[in-house]
2 protein chains.
Amino acid sequence: MKFTNPDCLNCSSRAHSLLSCCRASELAHLSETKSCFTYKKGQLIFHEGGKPSGLYCINTGKIKIAKLGSDGKEQIVRLAKPGDLIGYRALMADTNYSASAVALEDAVICFIPRSQFLELISQNVEFAGGLMKLISNALGEAEERMVQMAYKPVRERLAEALLLLQKTYQEREEGDKFTISISREDLASIVGTAKETTIRLLSEFKDEGLITAKGSSITILDHERLYKISHMYD
Amino acid sequence: MKFTNPDCLNCSSRAHSLLSCCRASELAHLSETKSCFTYKKGQLIFHEGGKPSGLYCINTGKIKIAKLGSDGKEQIVRLAKPGDLIGYRALMADTNYSASAVALEDAVICFIPRSQFLELISQNVEFAGGLMKLISNALGEAEERMVQMAYKPVRERLAEALLLLQKTYQEREEGDKFTISISREDLASIVGTAKETTIRLLSEFKDEGLITAKGSSITILDHERLYKISHMYD
DNA sequence: TTCAGAAAATGACATACATCATCTTTTAGG
DNA sequence: CCTAAAAGATGATGTATGTCATTTTCTGAA
């Protein structure tokens with residue numbers, strides 16, 4: 001659903017965004033050429049296999065980037081939050097999307113047309129460099145997770161997933177505790193395991209006093225011990 | 001061991017390299033500033049955790065890029081061949097190496113100092129763009145393998161690994177058959193499984209007439225059926 | 001508040017894969 | 001050509017995790 005274009009200059013999430021390196025004139029031009037949409041929880045933003053026509057910049061809401069495994073199971077490859085760009089990999093590689101993007105909660109997302117994106121790259125060296133850094137870091141993280149999938153037991157990967165959620169989505173103001181609302185199914189898709197296994201291990205974590213859960217809300221009580229579990233054999 | 005600098009202009013592997021988009025003057029300058037070394041089979045080129053000081057361009061030989069898993073097991077995250085660049089991720093991300101590079105056979109590799117690399121990026125738009133494309137593709141492949149690690153059985157991943165080796169290392173002139181010399185241990189590190197499991201499944205493949213093996217040489221006989229196995233449940 | 005459908009929780013069971021141990025073959029150096 | 005060490009092969013066994021089935025709890029719309 002079309003949304004009144006927010007002004008990039010005054011965007012609350014600009015501070016944590018790559019777009020923060022743009023000049024005021026560039027931002028003004030962006031504000032004009034982009035279009036902004038609202039998405040309901042669960043709604044598709046772009047689809048694996050689809051052709052990219054531009055870049056997305058998240059204004060509000062949590063997003064998952066996920067691939068479909070051969071047997072129909074889903075693997076979440078990346079999480080995104082306000083200020084993050086999504087869809088840049090396919091644009092840069094000049095290929096179709098290799099993953100889908102879905103809103104984990106109601107979201108507002110700006111769409112920047114391909115031409116505008118390419119213009120930005122060619123005219124703003126900082127932006128281009130920042131983008132390179134972004135992709136390079138993503139590659140490093142993907143390779144790291146690849147190793148973990150190969151050799152880490154599910155229990156450790158689940159602990160890691162919970163910490164990843166906290167790292168990604170905890171607001172600066174919040175204190176020690178962290179609560180997130182995420183379905184066991186999505187959590188399993190981050191870990192790369194079956195939903196039932198995730199549920200069982202979460203129950204263990206509850207018994208051990210590491211987390212509490214009511215409904216689909218999970219609260220991390222003991223960050224430190226979770227960290228130890230996730231690095232058990234290091 | 002230091003090696004007489006080969007001339008980039010006449011480099012036999014330049015055709016398949018990103019450096020092919022460089023101008024003659026740039027290549028001449030490269031030839032001067034780079035230094036070239038020989039590596040013995042098994043020798044380390046750069047080390048996970050180490051600080052990158054430049055870019056490596058493979059002249060001859062096969063290279064593995066591998067990470068150490070928490071329990072000491074190795075995961076090969078990428079393979080490289082003559083013409084390929086390695087070590088660019090750490091340079092671009094401005095972090096330490098997140099993986100090690102090791103020669104799978106005797107190799108000759110040129111070293112391009114960081115400053116020269118950065119100069120090339122800033123002065124040659126094509127090179128910079130090609131590099132972006134390179135990283136973006138690597139990211140796509142890494143995420144794809146992450147999903148496969150999560151949900152594909154080892155048998156299918158092994159079939160895929162054999163095809164990856166063929167795709168990466170088969171010379172254009174060779175015909176249908178393809179033979180490669182690789183230890184069962186390295187093969188297991190690509191698949192992300194135990195050496196014994198790899199050996200057992202290779203025996204199955206032999207019984208089924210998909211491959212033959214003598215010593216550490218593996219010959220792919222039936223590319224097509226291997227492909228089917230690797231896509232069993234698609 | 002109530003009720004239906006979705007999500008979470010738990011149990012029973014099957015199995016792919018890791019691990020450890022042993023034996024055989026290949027490889028490389030003298 | 002021989003021999004020791006490395007790599008490959010194979011068997012026995014345990015276990016983590018997937019799958020299917022059932023019950024319980026949560027959630028949101030009427």
Side-chain angles (χ1 to χ4, degrees), chain A residues 40-42 69-75 104-106 147-159 161-162 179-208 211-219 229 232-233, chain B residues 40-42 69-75 104-106 147-159 161-162 179-208 211-219 229 232-233:
Chain A
K40 287 279 172 202
K41 176 178 177 171
S70 31
D71 48 359
K73 273 177 280 189
E74 176 184 275
Q75 169 75 29
L104 287 173
E105 51 190 34
D106 291 357
V147 180
Q148 294 183 356
M149 298 303 260
Y151 298 127
K152 273 203 181 187
V154 175
R155 184 180 156 89
E156 297 177 27
R157 302 208 313 264
L158 177 59
L162 290 170
T179 301
I180 193 173
S181 184
I182 186 173
S183 76
R184 306 298 142 107
E185 188 132 35
D186 277 335
L187 191 49
S189 296
I190 299 177
V191 176
T193 189
K195 185 182 44 177
E196 295 92 328
T197 303
T198 302
I199 290 173
R200 267 184 257 272
L201 289 170
L202 279 179
S203 296
E204 281 186 32
F205 286 177
K206 272 187 273 183
D207 294 345
E208 297 168 31
I211 62 168
T212 58
K214 89 172 218 235
S216 74
S217 271
I218 299 173
T219 301
I229 289 173
M232 209 80 223
Y233 297 114
Chain B
K40 288 280 172 202
K41 177 177 178 173
S70 31
D71 47 0
K73 273 178 280 190
E74 174 185 275
Q75 170 76 30
L104 287 173
E105 53 190 34
D106 289 358
V147 181
Q148 294 182 357
M149 298 303 266
Y151 298 127
K152 274 203 180 186
V154 174
R155 183 180 157 90
E156 298 177 28
R157 302 211 309 266
L158 177 59
L162 290 171
T179 301
I180 192 173
S181 184
I182 185 173
S183 75
R184 306 297 143 106
E185 187 131 35
D186 276 336
L187 192 48
S189 297
I190 300 177
V191 176
T193 189
K195 184 182 47 177
E196 294 92 328
T197 304
T198 302
I199 290 173
R200 268 183 256 272
L201 288 170
L202 279 179
S203 296
E204 279 185 34
F205 285 177
K206 272 187 270 181
D207 294 344
E208 296 168 34
I211 62 169
T212 58
K214 90 170 216 243
S216 74
S217 272
I218 299 174
T219 301
I229 288 173
M232 209 78 220
Y233 296 113

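This is a predicted model, so every value here is computed, not measured. So you know, we letter chains A, B, ... as the sequences are listed, proteins then strands, and number each from 1.
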| query | Base, backbone or nothing for each nucleotide of nucleotides 5-23 of chain D, written B, S, -, heavy atoms under 4.0 angstrom, 5' to 3'? | reply | ---SBBBB----SSBB---
| field | Pairs flagged by salt bridge (Lys or Arg N to Asp or Glu O under 4.0 Å) wherever residues 190-201 of chain A is involved - sequence neighbours left out | value | none
To the nearest angstrom, how far is [X] atom [atom1] from [N] atom [atom2]?
| X | N | atom1 | atom2 | value |
| --- | --- | --- | --- | --- |
| Ile218(A) | dA9(C) | CD1 | C1' | 13 Å |
| Asp186(A) | dA6(C) | CG | P | 17 Å |
| Leu158(A) | dA8(C) | CG | P | 13 Å |
| Phe205(A) | dA9(C) | CZ | P | 14 Å |

| query | Does NZ in Lys206(A) sit with more than 12 non-hydrogen atoms of other residues, nucleotides or ligands closer than 6.0 Å? | reply | yes
Tell me every residue that passes side chain to side chain donor-acceptor pair (under 3.5 Å) with [X], counting only those two or more places apart in sequence or in another chain.
| X | answer |
| --- | --- |
| Lys73(A) | Asp71(A) |
| Thr219(B) | Thr179(B) |
| Thr197(A) | none |
| Glu185(B) | none |

| request: Applying side-chain contact (heavy atoms from CB on, under 4.5 Å), name anything that partners Thr198(A), two or more places apart in sequence or on another chain. | output: Leu158(A), Leu187(A), Ala188(A), Thr193(A), Leu202(A)
| field | Counterpart residues, side-chain contact (heavy atoms from CB on, under 4.5 Å), relative to Lys41(B) (two or more places apart) | value | Asp106(B)
| remark: Terminal axes of the helix from dT1(C)-dA30(D) to dG30(C)-dC1(D) (5 end pairs apiece), angle rounded to 10 degrees, sit apart by 50°
